[in-house]
J.: 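What follows is a structure written as structure tokens; I'll ask about it next.
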Amino acid sequence: MKLLCSFKSRDKRLIKVFINGYGNIGRRLATALSSDKEIQFIGIAKYTADDKTKEALENGFDIYVPNGTVKQFKDKGYDVRGIIPEAIQKSDLVVDAAREGGGFDNKKNLYEPMNKAAIFQGGEDRHGERSVADMIHNSRVNYAKAAGKTYVIQGSCNVSGMGRIMQPLIEKFGDKIRRYDVILIRRWADLEDSKEIKDSIEWDKNPHHQDDVKDFIPTSNLYVDAYKVPSRMMHLHQMVIRFNGKAPSKDKIIETFRTEFGVAIVNSAKGTAAIRKKAMELGFQHGDTNMVHIHQEVLKVQDDIIKIAYSDDQTGMVIPENHMLIQSMIFRRPRQEAVKRSDALFQMTKKRMILEEEFG
Ligand SMILES: NC(=O)c1ccc[n+]([C@@H]2O[C@H](COP(=O)([O-])OP(=O)(O)OC[C@H]3O[C@@H](n4cnc5c(N)ncnc54)[C@H](OP(=O)(O)O)[C@@H]3O)[C@@H](O)[C@H]2O)c1
């Protein structure tokens, strides 16, 4: 807390940010945060001296490595700025982008002893012995609650997407909604992952998404089932919303999302790959749209239920969410102002218009 209080009193200066991890999420965060004029970008952590180290150097990022590994990196020709604890010491905020579950040890071994604020990613635990924070952030729902916090988890891509769809419906239809059932169809691996894709459909006995969403929408009567399929192209959520009595018309549902930040309404995409490939073809940064895409042509109203299918850009969703979270935690900015800044950085309104036109 001491750190954030002292930061608040001098909040005109640049905030110093370090990214601990340079995987699928870390490298995207690095691209975005290093181009924000309010951030003094300290650099990124690399743990393995592989090709991604070269990529980070080519992108101009300072690289910090674990104690005792500097020689290993230098022997491979990679210029290293220092060791990870030095970078954390220099920073005001660490954005942890470790592989699922690694954030807890980083918190105990590094952030807490050095009294540094940190953002954790959605693979970390909210409850139990390895809990890293007492809240999960969703910029559409509980943005303001993160103001001044020292540790916060940014919800995962799916959890972020569900919040983005559910909250506008709650605001418009309130207790007319009885329950939500979501079938979550997850990609096997990200495009950049080297791991093999297994020809199988696997289920999850206990998906974390249901409890994670209830962390920021505690009153939601939500049930989630998750299946992993052999694809690398985004996730698809089939959300079934049951109303008390007759469900609203399709037009009313579409209208609810017409101006929602980070929601595109498309009508002719053949599947998740069509959206991802279009984003790459159009040169969107890292091939990300950073949003969810409601597939209007399969949105159905049947008696008391609405069925909404939307694809969720698994790698891109959480990057503007982390950016929004920084603006709440550190700058304590009103949400509308934060949205404007994130939109300027990620060009999401423009991307949305392009996608809606391409898939109109
Ligand atoms: N991938 C997605 O679509 C996605 C979406 C939303 C949220 N998330 C969440 O984001 C987090 C990161 O996922 P990811 O997909 O980016 O994983 P990833 O691609 O497997 O990358 C993990 C990174 O962690 C680094 N690492 C190793 N030990 C570390 C340590 N002690 N501390 C910090 N970093 C360490 C690795 O570095 P080296 O490469 O140098 O070994 C690697 O770059 C997870 O919590 C995940 O659940 C992922």
Side-chain angles (χ1 to χ4, degrees), residues 138-144 155 157-185 207 209-227 234-272 274-275 289-313 317 321 335-336 339 343 348-349 351-353 355-360:
N138 183 291
S139 72
R140 183 60 178 83
V141 185
N142 63 352
Y143 168 83
C157 47
N158 294 307
V159 167
S160 299
M162 283 184 220
R164 205 171 283 186
I165 296 294
M166 288 167 70
Q167 186 64 16
L169 291 171
I170 291 168
E171 286 170 14
K172 188 147 179 185
F173 302 108
D175 48 11
K176 285 190 192 133
I177 298 173
R178 268 172 64 187
R179 61 181 273 168
Y180 307 82
D181 289 88
V182 180
I183 296 176
L184 172 48
I185 303 166
H209 316 87
Q210 187 172 307
D211 288 339
D212 284 3
V213 171
K214 285 182 183 170
D215 196 63
F216 51 83
I217 313 182
T219 55
S220 62
N221 195 12
L222 167 73
Y223 302 90
V224 180
D225 292 297
Y227 299 92
M234 298 198 179
H235 295 173
L236 186 82
H237 299 186
Q238 172 75 56
M239 185 181 279
V240 177
I241 307 148
R242 189 173 291 273
F243 286 76
N244 287 314
K246 201 171 157 30
S249 67
K250 182 167 174 170
D251 285 352
K252 269 205 176 127
I253 297 292
I254 294 292
E255 222 28 67
T256 309
F257 295 101
R258 198 54 83 192
T259 56
E260 269 298 322
F261 182 59
V263 181
I265 301 168
V266 294
N267 203 26
S268 63
K270 280 256 156 48
T272 53
I275 307 261
T289 70
N290 307 108
M291 62 189 96
V292 292
H293 326 90
I294 293 179
H295 298 283
Q296 192 174 183
E297 72 275 35
V298 284
L299 197 159
K300 290 182 186 138
V301 180
Q302 294 169 339
D303 301 327
D304 59 342
I305 64 169
I306 306 269
K307 292 178 180 168
I308 302 184
Y310 57 91
S311 45
D312 177 301
D313 170 8
M317 273 294 286
E321 283 287 293
R335 183 174 178 278
Q336 268 325 308
V339 166
D343 198 20
M348 282 161 67
T349 302
K351 285 181 189 167
R352 172 200 173 128
M353 281 164 59
L355 289 172
E356 290 184 348
E357 209 178 296
E358 290 281 345
F359 295 106

J.: Residues two or more places apart in sequence or in another chain: which of them pass salt bridge (charged side-chain N to carboxylate O under 4.0 Å, His left out) with Arg179?
T.: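 Only Asp181 meet the salt bridge (charged side-chain N to carboxylate O under 4.0 Å, His left out) criterion with Arg179.
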J.: Can you find a heavy atom in the side chain of Arg178 that is under 4.5 Å from one in the side chain of Asn221?
T.: no
J.: Nearest heavy-atom pair of Leu184 and Met162: which atoms, and what distance?
T.: CD2-CE, 4.0 Å
J.: If I take atom CD1 from residue Ile254 and atom CG from residue Leu299, how far apart are they, to the nearest 0.5 angstrom?
T.: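 CG of Leu299 is found 5.0 Å from CD1 of Ile254.
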J.: Applying side-chain contact (heavy atoms from CB on, under 4.5 Å), run through Asp225 and Tyr227 and close with a yes or a no.
T.: CA-CA 7 Å; Asp225 292 297; Tyr227 299 92; 4.0 Å; yes
J.: Which pair of non-hydrogen atoms, one from Val298 and one from Ala309, has the smallest distance, and what is that distance?
T.: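 Closest pair (atom of Val298, atom of Ala309, distance): CG2-CB, 3.9 Å.
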J.: Report all side-chain donor-acceptor pairs from residues 240-249 shorter than 3.5 Å, counting only partners two or more places apart or in another chain.
T.:
unit_1 : atom_1 : unit_2 : atom_2 : d
Arg242 : NH1    : Asp304 : OD2    : 3.1
Asn244 : ND2    : Asp175 : O      : 3.0
Ser249 : OG     : Lys252 : N      : 3.2

J.: Report the residues that fulfil side chain to side chain donor-acceptor pair (under 3.5 Å) with Arg140, sequence neighbours left out, ordered by chain and then residue number.
T.: Glu171, Glu260
J.: On a heavy-atom basis, which atom in Ser160 and which in Gly155 lie closest, and how many Å separate them?
T.: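 Of all heavy-atom pairs spanning Ser160 and Gly155, the closest is OG-O, 3.2 Å.
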J.: I'd like to check the salt bridge (charged side-chain N to carboxylate O under 4.0 Å, His left out) partners of Glu297; sequence neighbours left out, ordered by chain and number.
T.: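 Partners of Glu297 by the salt bridge (charged side-chain N to carboxylate O under 4.0 Å, His left out) criterion come out as none, since no residue qualifies.
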J.: Checking His235 now: which residues fulfil side chain to side chain donor-acceptor pair (under 3.5 Å) with it, not counting sequence neighbours?
T.: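 Asn158, Arg187.
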J.: Between Ser268 and Gly360, what is the shortest heavy-atom contact and its length?
T.: OG-O, 3.4 Å
J.: Who pairs with Glu357 by side-chain contact (heavy atoms from CB on, under 4.5 Å), at least two apart in sequence or on another chain?
T.: none
J.: Find the distance between OG1 (Thr256) and CD (Gln167) and round it off to the nearest 0.5 Å.
T.: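 CD of Gln167 is found 12.5 Å from OG1 of Thr256.
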J.: Would the number of heavy atoms belonging to other residues, nucleotides or ligands and lying under 6.0 Å from NZ of Lys176 be above 12?
T.: no
J.: Got a sec, which residues hit side chain to side chain donor-acceptor pair (under 3.5 Å) with Gln210, two or more places apart in sequence or on another chain?
T.: none
J.: Could you report the tightest heavy-atom contact between Arg352 and Ile265, atom names first, then the distance?
T.: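 For Arg352 versus Ile265, the nearest heavy atoms are NH2-CD1, 4.2 Å.
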J.: State, to 0.1 Å, how close Arg335 and Ser139 come at their nearest heavy-atom pair, and which atoms those are.
T.: NE-O, 2.7 Å
J.: Does Asn267 reach the main-chain N or O of Gln296 with its side chain, forming a donor-acceptor pair under 3.5 Å?
T.: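 Not confirmed, Asn267 side chain does not pair with Gln296 backbone.
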J.: Sequence neighbours left out, what passes side-chain contact (heavy atoms from CB on, under 4.5 Å) with Thr289? Give chain and number order.
T.: Met234, Ile275, Ala279, Phe284, Met291, His293, Asp313, Leu355
J.: Is the NZ or CZ atom of Lys351 positioned over Phe261's six-membered ring, under 6.0 angstrom from the centre and within 45° of the axis?
T.: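 Judged by the rule, Lys351 and Phe261 form no cation-pi pair.
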J.: My understanding is that only residues two or more places apart in sequence, or in another chain, count here; which of them pass side chain to side chain donor-acceptor pair (under 3.5 Å) with Asp343?
T.: Thr349
J.: Roughly how far apart are Asn138 CG and Ile217 CD1, rounded to 0.5 Å?
T.: 6.5 Å
J.: Does Asn290 reach the side chain of Glu321, with side-chain heavy atoms less than 4.5 Å apart?
T.: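 A side-chain contact is absent here, since even the closest heavy-atom pair is not under 4.5 Å.
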J.: What pairs with His237 under ring pair (Phe, Tyr, Trp, His ring centres under 6.0 Å), at least two apart in sequence or on another chain?
T.: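 Ring pair (Phe, Tyr, Trp, His ring centres under 6.0 Å) list for His237, sorted by chain: Tyr310.
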J.: What residues form a ring pair (Phe, Tyr, Trp, His ring centres under 6.0 Å) with Tyr180, not counting sequence neighbours?
T.: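 In terms of ring pair (Phe, Tyr, Trp, His ring centres under 6.0 Å), with neighbours along the sequence ignored, Tyr180 is linked to no residue.
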J.: How long is the straight-line distance from NZ of Lys214 back to OG1 of Thr219, given to the nearest 0.5 Å?
T.: 10.0 Å
J.: Is the count of non-hydrogen atoms from other residues, nucleotides or ligands lying under 6.0 Å from Lys300 atom NZ greater than 12?
T.: no
J.: Just verifying a value: how many Å separate Glu356 CD and Met353 CE, rounded to the nearest 0.5 Å?
T.: 8.5 Å
J.: Tell me, please, which residues at least two apart from Ile185 pass side-chain contact (heavy atoms from CB on, under 4.5 Å).
T.: Ile183, Val229, Leu236
